Amino acid sequence: MSSPDPTVRAARNADAPTPQTGRGTEEPAPRPGRRPVIAVTGAATGVGALLTRALAASDEVKRVIAIDERRGDVPEAHWHVLDIRDPAIAEKLQGADVVVHLALDLDLESDAAARTAYNVRGTQTVLTAAAAAGVHRVVLCTSAMVYGALPDNDIPLAEDAELRATADATGVGDLLEIERLAQRAPRAHPGLNCTVVRPAVLVGGTDTALTRYFESPRLLVVAGSRPAWQFCHVEDLVSALEYAALEKVEGELAVGCDGWLDQEEVEELSGIRRMELPSSVALGAAARLHRIGLTPSPAGDLAYTMHPWVVSGSRLHEAGWRPRWSNEEVLAELLEEVAGRHTVAGRRLGRKDATAAGAAGATVALLGTAALVRRARKARRRI
């Protein structure tokens with residue numbers, strides 16, 4: 001396959017020209033020479049642990065307050081072990097200038113109701129506690145998924161594009177509610193401002209419906225769809241969060257690699273062939289498999305593999321931030337991470353299952369959807 005036209009590639013990597021204003025009222029002016037005290041929730045694992053380590057090593061930070069349900073391995077931080085939904089968190093935030101809230105449950109296997117209760121109640125508690133403790137800024141992390149994956153999306157989307165996602169995909173309903181809480185926070189708590197960071201497809205020790213897409217022996221492509229793939233390496237997310245925590249940038253911030261890859265480029269780079277299905281078959285099968293508990297991902301997750309939701313990242317770029325990773329590099333790392341894993345229709349197979357299914361996994365999925373099609377045709381003939 002030939003490489004994309006250079007002018008197309010240049011357009012893909014172009015930044016949006018105009019930075020936008022941030023969320024909140026009476027944004028505080030930068031305070032030169034003052035090193036902030038920064039608190040991080042969810043500090044013991046994942047992105048939170050990486051950010052805590054980076055901030056603790058930074059000469060620009062006076063002190064790091066680390067909060068989680070267990071103690072992490074960054075001894076330079078001041079640790080507090082508690083549930084973020086505990087109102088006692090307010091006293092632990094005393095003296096902090098900025099809070100970066102990363103204690104979220106986005107596990108595919110979590111009970112949906114329990115996950116929502118934790119994510120929404122936790123964010124509410126952190127915002128209220130931060131205001132009570134005199135914190136002037138909270139940095140929240142959601143996802144670029146909140147823009148929605150829609151066939152008429154601009155490529156790329158500006159940060160101030162309308163959030164058109166629905167709650168049909170895993171965890172997106174929680175993220176939309178967190179966005180609403182951020183929008184209301186400056187009115188509910190005068191003097192408190194929110195910065196929201198929205199990463200593209202996150203890669204680097206992550207497990208999501210979108211990373212599992214690359215664990216399948218065939219890449220499911222819905223006929224007539226126009227996917228565009230943009231990734232965000234966790235290292236780039238951490239550096240963007242550090243920018244936000246140090247108040248070098250504010251407002252709604254989209255973060256990801258420059259540009260994007262189309263489906264054909266992804267297939268060429270990955271060496272994984274496609275399995276193309278009609279939209280009605282793919283969405284119907286996904287809905288049925290999820291309803292009977294065979295897969296963790298609802299049908300709404302498929303939209304993010306069908307339609308574009310590429311972001312420009314112009315605000316971070318205007319502030320001088322640049323991603324260290326390219327889409328091609330992140331995809332290569334993702335493929336290394338998932339090597340040896342086997343997923344069919346979003347369900348990860350164990351070693352025994354994988355031995356049985358193996359490379360025939362796509363055939364199994366195809367036979368399952370074919371059976372659904374045959375059943376529908378028989379039903380129509382009986383009418």
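Residues: numbered from 1 along the sequence shown. Every value quoted in this text rests on a predicted model; they were computed, and no experiment measured them.
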Grab the two heavy atoms, one from [X] and one from [Y], that are nearest each other, plus how far apart they are.
X      : Y      : value
Ala228 : Pro308 : CB-CB, 4.0 Å
Leu246 : Pro36  : CD2-CG, 4.0 Å
Asn327 : Phe231 : OD1-N, 2.8 Å
Ala169 : Met145 : CB-CE, 4.3 Å
Val138 : Ala130 : CG2-CB, 3.7 Å
Ala96  : Ile65  : CB-CD1, 4.2 Å

Do [X] and [Y] come close enough that some side-chain heavy atom pair is under 4.5 Å?
X      : Y      : answer
Asp258 : Pro323 : yes
Ile272 : Leu335 : yes
Leu202 : Val234 : yes
Glu242 : Leu55  : yes
Arg324 : Ser239 : no

>> Quick check on the hydrophobic clustering: are Phe214 and Trp325 connected, directly or via other members, by side-chain heavy-atom contacts under 4.5 Å?
In response: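 Yes, it is one cluster - the side chains of Phe214 and Trp325 are joined through contacts under 4.5 Å.
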
> Under a single-linkage definition using a 4.5 Å side-chain heavy-atom cutoff for Ile, Leu, Val, Met, Phe, Trp and Tyr, are Val64 and Trp79 assigned to the same hydrophobic cluster?
Replying inline: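 No: no chain of side-chain contacts under 4.5 Å links Val64 to Trp79.
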
Could you give the distance from [atom1] ([X]) to [atom2] ([Y]), rounded to the nearest 0.5 Å?
X      : Y      : atom1 : atom2 : value
Arg218 : Met275 : CZ    : CE    : 9.0 Å
Thr142 : Glu177 : OG1   : CD    : 12.5 Å
Thr305 : Leu219 : OG1   : CG    : 9.5 Å
Ser314 : Leu157 : OG    : CG    : 11.0 Å
Trp229 : Leu331 : CH2   : CG    : 9.5 Å

Main-chain N/O of [Y] paired with [X] side-chain donor or acceptor, under 3.5 Å:
X      : Y      : value
Arg53  : Val74  : no
Gln230 : Val311 : yes
Tyr213 : Leu302 : no
Gln263 : Val221 : no
Glu76  : Ala57  : no
Tyr304 : Leu210 : no
Arg198 : Ser143 : no
Asp68  : Ala43  : yes
Glu265 : Asp262 : yes
Asp168 : Pro298 : no

> Other hydrophobic cluster members with Leu150, side-chain heavy atoms of Ile/Leu/Val/Met/Phe/Trp/Tyr under 4.5 Å, chained?
Replying inline: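 Via sub-4.5 Å side-chain contacts, Leu150 links to none.
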
> Hey, what else clusters with Val81 if you join Ile, Leu, Val, Met, Phe, Trp, Tyr whenever side-chain heavy atoms sit under 4.5 Å?
Replying inline: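 When side chains under 4.5 Å apart are linked, Val81 ends up in no cluster with other residues.
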
> Is the CZ atom of Arg274 crowded by more than 12 outside heavy atoms at less than 6.0 Å?
Replying inline: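 Atom CZ in Arg274 is crowded, with more than 12 foreign heavy atoms closer than 6.0 Å.
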
> Above 12 or not: heavy atoms from other molecules or residues under 6.0 Å from NZ of Lys248?
Replying inline: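 Count over threshold, so yes.
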
>> As a quick check of understanding, evaluate side-chain contact (heavy atoms from CB on, under 4.5 Å) for Cys141 and Val47, giving each step before the final call.
In response: CA-CA 10 Å; Cys141 187; Val47 174; over 6 Å; no

> Given Glu318 and Arg315, is the salt bridge (Lys or Arg N to Asp or Glu O under 4.0 Å) satisfied, shown in steps?
Replying inline: CA-CA 5 Å; Glu318 290 285 340; Arg315 288 180 183 160; over 6 Å; no

>> Name the residue from Thr170, Asn119, Thr116, Asp105 that meets the side-chain hydrogen bond (donor to acceptor under 3.5 Å, both in side chains) definition with Ser110.
In response: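 Going through the options one by one, the only one that passes is Asp105.
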
> Which is it for Asp152 and Arg164 under the salt bridge (Lys or Arg N to Asp or Glu O under 4.0 Å) test, yes or no, and what are the steps along the way?
Replying inline: CA-CA 11 Å; Asp152 62 344; Arg164 297 197 291 163; 2.9 Å; yes

> Ion pair present between Glu69 and Arg85, side-chain N to carboxylate O less than 4.0 angstrom?
Replying inline: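 Here Glu69 does not pair with Arg85 in a salt bridge, since their nearest N and O are not under 4.0 Å apart.
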
>> Taking Glu109 first and then Arg212, would you say they form a salt bridge - that is, a charged N and a carboxylate O separated by under 4.0 Å?
In response: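 Counted as a salt bridge, because a side-chain N and a carboxylate O are separated by less than 4.0 Å.
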
>> Using the rule given for side-chain contact (heavy atoms from CB on, under 4.5 Å), can you reason through Tyr118 versus Asp174, listing the C-alpha separation, both sets of side-chain angles and the distance that settles it, and then say yes or no?
In response: CA-CA 9 Å; Tyr118 179 83; Asp174 296 0; over 6 Å; no

>> Quick one, Arg137 with Asp97, criterion salt bridge (Lys or Arg N to Asp or Glu O under 4.0 Å). Give me CA distance, side-chain angles, the key distance, then yes/no.
In response: CA-CA 7 Å; Arg137 181 171 303 281; Asp97 299 295; over 6 Å; no

> Relative to each other, are the rings of His317 and Trp321 parallel, tilted or perpendicular (30° and 60° limits)?
Replying inline: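 Judged by the thresholds at 30° and 60°, the geometry between His317 and Trp321 is tilted.
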
> Yes or no on side-chain hydrogen bond (donor to acceptor under 3.5 Å, both in side chains) for Gln183 and Glu179, after CA distance, side-chain angles and deciding distance?
Replying inline: CA-CA 6 Å; Gln183 184 69 47; Glu179 293 271 353; over 6 Å; no

> side-chain contact (heavy atoms from CB on, under 4.5 Å) between Thr52 and Val100: does it pass, once the steps are laid out?
Replying inline: CA-CA 10 Å; Thr52 300; Val100 185; over 6 Å; no

> Got a sec, which residues hit side chain to side chain contact (heavy atoms under 4.5 Å, CB included) with Ala209, two or more places apart in sequence or on another chain?
Replying inline: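 Side chain to side chain contact (heavy atoms under 4.5 Å, CB included) list for Ala209, sorted by chain: Leu108, Ser297, Asp301.
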
>> I need the single residue from Leu51, Ile67, Leu50 that forms a side chain to side chain contact (heavy atoms under 4.5 Å, CB included) with Leu102. Which is it?
In response: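 Going through the options one by one, the only one that passes is Leu51.
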
> For Ile89, which of Thr128, Ile84, Val99 qualifies under side chain to side chain contact (heavy atoms under 4.5 Å, CB included)?
Replying inline: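 Going through Thr128, Ile84, Val99 one by one, the side chain to side chain contact (heavy atoms under 4.5 Å, CB included) with Ile89 is satisfied by Ile84 alone.
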
> When you look at Val139 and Ile38, which way does the side-chain contact (heavy atoms from CB on, under 4.5 Å) test go after all the steps?
Replying inline: CA-CA 10 Å; Val139 179; Ile38 300 175; over 6 Å; no

